[in-house]
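Worksheet for the structure shown next.
Whatever order the structure lists them in is the order used to number ligands and atoms, beginning at 1. If you read the sequence from its start, that first residue is 1, and numbering goes on from there.
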Amino acid sequence: MTEKTLGFDTLQVHAGTEPDPATGARQVPIYQTTAYVFRDADHAAKLFNLEEVGYIYSRLTNPTVAALQNRIAALEGGAGAICCSSGHAAQIMALFPLMAPGRNIVASTRLYGGTLTQFTQTFKRFGWTAKLVDFDDFDAVRAAIDEDTRAIFCESLANPTGAIMDLDALGEIAGNHGVPLVVDNTSATPYLCNPIRHGATLVVHSTTKYLTGNGTVMGGAIVDSGTFDWSASDKFPSLSEPEPAYHGLDFHETFGSLAFTFHGIAVGLRDLGMTMNPQAAHYTLLGIETLSLRMARHVQNAREIASWLDGDDRIESVTYSGLPASPYHDRMTRICPRGAGGLFTVALKDGYDACVEAVSKLKLFSHVANLGDTRSLVIHPASTTHRQLEEAEQIKAGAAPNVLRLSIGIEDANDLIADLDQALG
Ligand SMILES: *Cc1c(COP(=O)(O)O)cnc(C)c1O
């Protein structure tokens with residue numbers, strides 16, 4: 001019985017964990033410790049040289065966090081994973097080994113609002129640029145790639161509209177240009193979509209959302225497919241050449257398919273310090289145990305509610321890719337065969353003011369800047385998450401002023417429909 005042959009429902013409960021070797025504790029203990037005693041000076045030296053894998057200091061590695069890393073890697077079909085303090089930290093950590101001043105990424109216009117801000121504003125301070133293009137226009141994606149491009153970045157199921165990206169086509173474009181495809185799989189989760197099977201090199205997550213599932217802790221993860229040849233060109237010297245930040249170690253030569261994972265821990269976490277704490281890892285491990293059950297219910301409820309909204313005359317449009325009339329419906333059956341998730345937007349005929357009013361009248365839906373909770377959530381992106389963007393950029397990101405984003409929870413769908421009905425006035 002190897003992990004490769006086990007089903008998703010089994011892996012989400014068992015992968016990466018076993019009874020605690022010291023105590024037999026069945027649940028993964030919260031290893032609330034900063035440091036670990038070295039057996040002797042030789043052991044310490046081997047650990048620091050990465051000749052032996054073990055625990056040194058919890059900024060780098062911690063057994064509770066390691067269990068979560070292994071579980072997420074197993075669910076995504078990756079070679080390894082690195083957990084960190086938030087989804088935004090995961091994005092920086094994913095790009096850090098690939099980038100340098102003057103380099104760029106080509107990224108989708110359909111991204112989480114906070115990601116757009118991180119990419120277009122904060123990246124500049126590192127000397128990085130993000131070229132934003134419509135990822136349904138493959139010629140535009142190809143045209144944007146240049147000598148300095150080091151990654152292609154998109155969301156599998158885009159926040160906030162639930163648009164689905166053609167990962168197979170994007171993976172092929174990335175491959176033809178010798179750069180990795182990095183996919184944010186937060187809204188889909190590995191239950192609905194496995195980006196690595198569709199050509200992704202790296203998968204990033206905000207574990208804050210569906211993986212934890214109940215709005216308790218912040219976290220992020222980067223999954224390394226282990227399939228990219230970092231030495232095929234001279235584009236990725238941190239991985240394929242002696243790394244000055246780690247006494248000249250050549251990560252690709254030394255660790256092969258785990259080069260990115262080891263670099264992420266030994267250099268990324270060590271120097272950027274965006275570490276996940278063991279308490280957060282514990283909550284996320286608990287959440288993941290029921291991921292498939294929750295996602296199936298999120299999808300079922302979202303489908304029902306999106307269909308109801310679609311037929312209501314107060315509504316201008318609904319973006320849910322799970323609706324048969326959606327332009328993304330065919331792509332869904334290939335990329336997200338188990339359903340289009342629990343997140344979509346709805347445009348109200350009565351515009352910005354009607355959105356603000358609906359948000360204030362909803363009772364079961366909580367007005368929060370979060371998604372992927374067991375509770376249903378609502379937000380008006382134009383006045384919150386996408387507020388910093390110009391109106392044209394808001395529209396491009398699917399967050400026009402008359403649009404509400406719904407994150408459908410696992411409650412009774414009839415109750416959620418009744419709540420929306422009264423709030424739409
Ligand atoms: C929330 C979110 C992020 C950022 O994650 P944090 O954990 O809030 O830092 C990134 N991408 C997507 C798609 C998200 O929904």
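With salt bridges taken as basic N to acidic carboxylate O contacts below 4.0 Å, one links D134 and R110. For the pair D168 and R331, the salt-bridge criterion is not met [side-chain N within less than 4.0 Å of a carboxylate O].
Considering backbone and side-chain N/O atoms, N159 comes within less than 3.5 Å of an N/O atom of ligand 1. Considering backbone and side-chain atoms together, M218 places no N or O closer than 3.5 Å to any N or O of ligand 1. Annotation: T208 places an N or O atom under 3.5 Å from an N or O atom of ligand 1; distance criterion only. Backbone and side-chain nitrogen or oxygen atoms of S206 are examined, and one is located within less than 3.5 angstrom of a nitrogen or oxygen of ligand 1.
Aromatic pair F119/F153: ring centres closer than 6.0 Å.
A donor-acceptor pair shorter than 3.5 Å cannot be found between the side chains of E155 and S187. With no hydrogens or angles considered, no side-chain donor-acceptor pair links R294 and T374 at under 3.5 Å.
Of the candidates T115, T212, D184, the one placing a heavy atom closest to atom 12 (C) of ligand 1 is D184.
If you number the atoms of ligand 1 from 1 as listed, the ones under 4.0 Å from a heavy atom of E155 come out as 13 (C). The ligand atoms of ligand 1 that sit less than 4.0 angstrom from a heavy atom of Q91 are 10 (C), 11 (N).
The closest protein non-hydrogen atom to atom 14 (C) of ligand 1 is K209 NZ, 3.0 Å. Among all non-hydrogen protein atoms, the one lying nearest atom 6 (P) of ligand 1 is G87 N, 3.3 Å.
Residue-level proximity to ligand 1 for L371 is carried by the side chain, the only part with a heavy atom below 4.0 angstrom.
Inter-residue side-chain proximity for C83 and T207 is flagged as unmet; no heavy-atom pair is nearer than 4.5 Å.
Ligand 1 lies less than 4.0 angstrom from a heavy atom belonging to G219.
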Go through the steps to decide whether Y210 and Y191 satisfy the test side chain to side chain contact (heavy atoms under 4.5 Å, CB included), and finish with yes or no.
CA-CA 10 Å; Y210 290 105; Y191 180 67; over 6 Å; no

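A cation-pi geometry, defined here as NZ or CZ lying under 6.0 Å from the six-membered ring centre and within 45° of its normal, holds between K209 and Y112.
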